[in-house]
Amino acid sequence: MSSKQNEQAISPIKGMRDILPEEARLWQMVEASARKIFELYGFRELRAPILEPTELFERGTGASSDIVTKEMYTFTDKGGRSVTLRPEYTPSVVRAIIEHRLDLQPLPLRFYYTGPMFRYDRPQKGRYRQFHQIDVEVFGEQDAAIDAEIIEMAYRFFQEVKVEGVSTLVNSVGCPRCRPAYGQALREAATKASDRLCTDCQRKAEINPLRIFDCKQESCQEAARTFPRITDYLCEECREHFKKFLSYLDLYQLPYRIEPTLVRGLDYYTKTTFELVVENLGAQNAIGGGGRYDNMVKEFGGPDLCGTGLAIGLERLLLVSKLEAPAPDFAYFAYSGEQARQASLLAARYFRTLGIPCIIEFKERSWKAHFSRANKIGATWTVIIGEDELSSGEYQLKDMLESKQYKGTIEQLTQIVIEKEKARQGILGRD
RNA sequence: GUGAGUGUAGCUCAAAGGUUAGAGCACUGGACUGUGGAUCCAGUGGUUGGGGGUUCGAUUCCCCUCACUCACCCCA
């Protein structure tokens with residue numbers, strides 16, 4: 001700590017936080033699982049910048065979306081350009097595809113990415129201003145089977161990272177051909193029922209009547225039940241796509257519920273939308289979500305390339321994951337005197353060359369204090385080097401878990417560690 | 001942006017207007033200078049989030065402010 005003179009401690013910016021080593025270990029495990037599983041489905045990582053031109057999101061995410069109208073971290077850089085910390089990932093991939101003419105590669109394209117996103121929201125449980133997503137996108141595949149496969153992949157991932165009780169809400173929001181008619185029908189119904197709606201919903205009837213569906217007022221819910229459903233307004237193509245999508249979910253035997261009121265806050269979705277929700281997460285119960293966006297690439301001036309994707313929120317995932325990080329295995333060096341210290345340093349170098357993690361500390365300690373320290377920091381092995389060991393040339397190795405002690409040359413001792421670790425499936429046995 | 005709740009040691013919490021703000025855990029050291037976990041003892045650590053007010057006296061009551069939490073809106 002710094003001096004206590006009226007200095008104010010510097011805290012992180014609201015909605016942002018440090019991830020300390022113990023928790024970071026879990027993040028590493030989750031990210032490693034994601035990579036492993038996504039690669040298993042042919043996805044490849046595509047890393048895009050965190051900072052993008054503001055216009056990318058105004059056009060991609062949608063100028064009327066909540067994200068763009070009130071949640072972006074936008075500022076002017078020293079060159080006078082308006083830049084934005086990305087609030088989501090999809091527009092960046094679309095930009096990269098056009099930039100690098102990736103559409104000329106064999107289709108479909110499968111990309112994944114994991115990293116921080118930024119939205120200027122009011123923080124609450126499961127919601128931060130800097131949060132992290134893992135994101136997958138597929139381009140150039142119109143078949144509804146891919147929409148289902150992405151969800152199947154998500155379930156495999158959830159299983160791998162010990163997230164249980166995930167259910168899927170699915171819907172189709174139609175396309176620019178069928179959506180306008182529905183929007184009009186819904187607006188008319190909402191206006192007609194205006195006197196039965198709360199003041200909040202009366203306002204929604206104008207702006208976004210779909211939102212009336214998830215109002216908690218009993219009278220609004222009652223009125224909403226009489227409103228037309230999007231699924232009754234889909235055009236032939238969209239209806240077919242939706243039917244096929246559901247049939248593949250059935251094939252995988254994935255649990256889902258059709259939620260005709262599921263609207264997502266991003267403007268670009270067409271046809272399939274879905275949300276992965278989980279219990280015990282409080283109000284922000286969506287652990288993942290996504291859908292199809294068949295027109296975004298074209299609207300950016302690129303080729304007519306359809307897209308579909310999924311984003312998973314890592315903070316929320318970790319809030320419900322039962323994953324536990326195994327304690328790290330390593331050797332601690334207990335020594336006495338300068339000569340033994342030097343012998344320890346060289347021994348640790350040899351250990352590390354063989355892939356055995358070591359921690360060596362430089363505080364002079366009694367033997368008892370050394371062992372106490374080794375125990376406290378969780379060492380699995382303690383290497384003992386004192387006067388006796390220096391003169392005999394044989395060091396000692398203590399197995400801290402079994403309280404067994406060995407004596408031998410440094411080569412012999414490393415062999416013991418390696419064999420034992422293998423048997424225990426310790427760090428040397430893992431991939 | 002709106003609403004509610006909470007701020008006391010690193011963590012979890014006491015102290016209900018009255019001496020020098022305490023305890024457990026954690027940390028450091030000792031009992032114990034060639035062997036850890038247990039036990040016992042001691043020590044470090046606080047502008048009670050900050051500012052103002054009421055009062056002889058405020059951690060306690062009032063106001064402002066900041067932070068955190070939860071919820072609305074929306075989303076991961």
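So that the names make sense, note that chain A is the first sequence line, chain B the second, and so on, each numbered from 1. Just the heavy atoms: all of them, side chains too, but no hydrogens, waters or symmetry mates, feed the values below.
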* Only one of N171(A), D147(A), T308(A) forms a side-chain hydrogen bond (donor to acceptor under 3.5 Å, both in side chains) with T272(A), so which one is it? -> D147(A)
For [N], does OP1 or OP2 lie under 4.0 Å from any side-chain N or O of [X]?
X       : N      : answer
K398(A) : G37(B) : no
K14(A)  : C68(B) : yes
K376(A) : U28(B) : yes

According to the Watson-Crick and G-U wobble definitions, with both distances under 3.5 Å, which nucleotide is paired to [N]?
N      : result
G1(B)  : C72(B)
U35(B) : none
U47(B) : none
G10(B) : C25(B)
U19(B) : none
U54(B) : none
U60(B) : none

For the pair [X] and [Y], find out whether any cationic side-chain nitrogen is under 4.0 Å from an anionic carboxylate oxygen.
X      : Y      : result
R47(A) : E45(A) : yes
E23(A) : R17(A) : yes
E39(A) : R35(A) : no

* F371(A) aromatic ring stacked with six-membered ring of U35(B), 5.5 Å and 30° -> yes
Expressed as a whole number of Å, how far does the [atom1] atom of [N] sit from that of [M]?
N      : M      : atom1 : value
A16(B) : C56(B) : P     : 22 Å
A23(B) : A14(B) : C1'   : 7 Å
C66(B) : C25(B) : P     : 39 Å
G51(B) : G7(B)  : C1'   : 15 Å
G43(B) : G50(B) : C1'   : 31 Å
A15(B) : A9(B)  : P     : 15 Å
G1(B)  : C73(B) : C1'   : 9 Å
A76(B) : C13(B) : C1'   : 34 Å

Does [X] reach a base, just sugar-phosphate, or nothing at all? Heavy atoms under 4.0 Å.
X       : answer
E315(A) : nothing
I312(A) : nothing
A286(A) : sugar-phosphate
E389(A) : base
E275(A) : nothing
G288(A) : sugar-phosphate
Q396(A) : base
G282(A) : sugar-phosphate

* To do: Go through the steps for F43(A) and Y112(A) under the test ring pair (Phe, Tyr, Trp, His ring centres under 6.0 Å), then give the verdict.
  => CA-CA 6 Å; F43(A) 286 80; Y112(A) 75 90; 7.4 Å; no
Taking only the side-chain heavy atoms of [X] (C-beta and beyond), determine which of [options] contains the nearest atom.
X       : options                : value
S366(A) : A76(B), U33(B), A71(B) : U33(B)
I384(A) : C74(B), U28(B), U35(B) : U35(B)
F131(A) : G34(B), C72(B), A76(B) : A76(B)
D388(A) : C73(B), G34(B), G29(B) : G34(B)
K368(A) : U35(B), C74(B), C32(B) : C32(B)

Value in whole Å for how far the [atom2] atom of [N] lies from [atom1] of [X]:
X       : N      : atom1 : atom2 : answer
Y120(A) : U2(B)  : OH    : C1'   : 15 Å
Q124(A) : A76(B) : CD    : P     : 14 Å
R122(A) : C70(B) : CZ    : P     : 12 Å
Y335(A) : U35(B) : OH    : P     : 19 Å
E22(A)  : A26(B) : CD    : P     : 15 Å
R86(A)  : A76(B) : CZ    : C1'   : 13 Å
H370(A) : C32(B) : NE2   : C1'   : 15 Å
N375(A) : C32(B) : CG    : P     : 20 Å

* Decide if the gap between the ring center of H370(A) and the ring center of Y332(A) is smaller than 6.0 angstrom. => yes
* **Ring center gap for F274(A) and Y256(A) short of 6.0 angstrom** => no
* Closest-nucleotide ordering on RNA chain B, the 5'-leading residue of N285(A) and I13(A) -> I13(A)
* Structure fact -> Per nearest nucleotide of RNA chain B, the residue lying toward the 5' end, L314(A) or R127(A), is R127(A)
* To do: Decide yes or no, distance alone: a donor-acceptor N/O pair under 3.5 angstrom between the base of C74(B) and the side-chain of E71(A).
  => no
* Centre of Y120(A)'s six-membered ring, under 6.0 Å away, within 45 degrees of the axis: is that where NZ or CZ of R129(A) sits? -> yes
* For S65(A) and Y268(A), test the side chains for any donor-to-acceptor distance below 3.5 angstrom and give the result as yes or no. => no
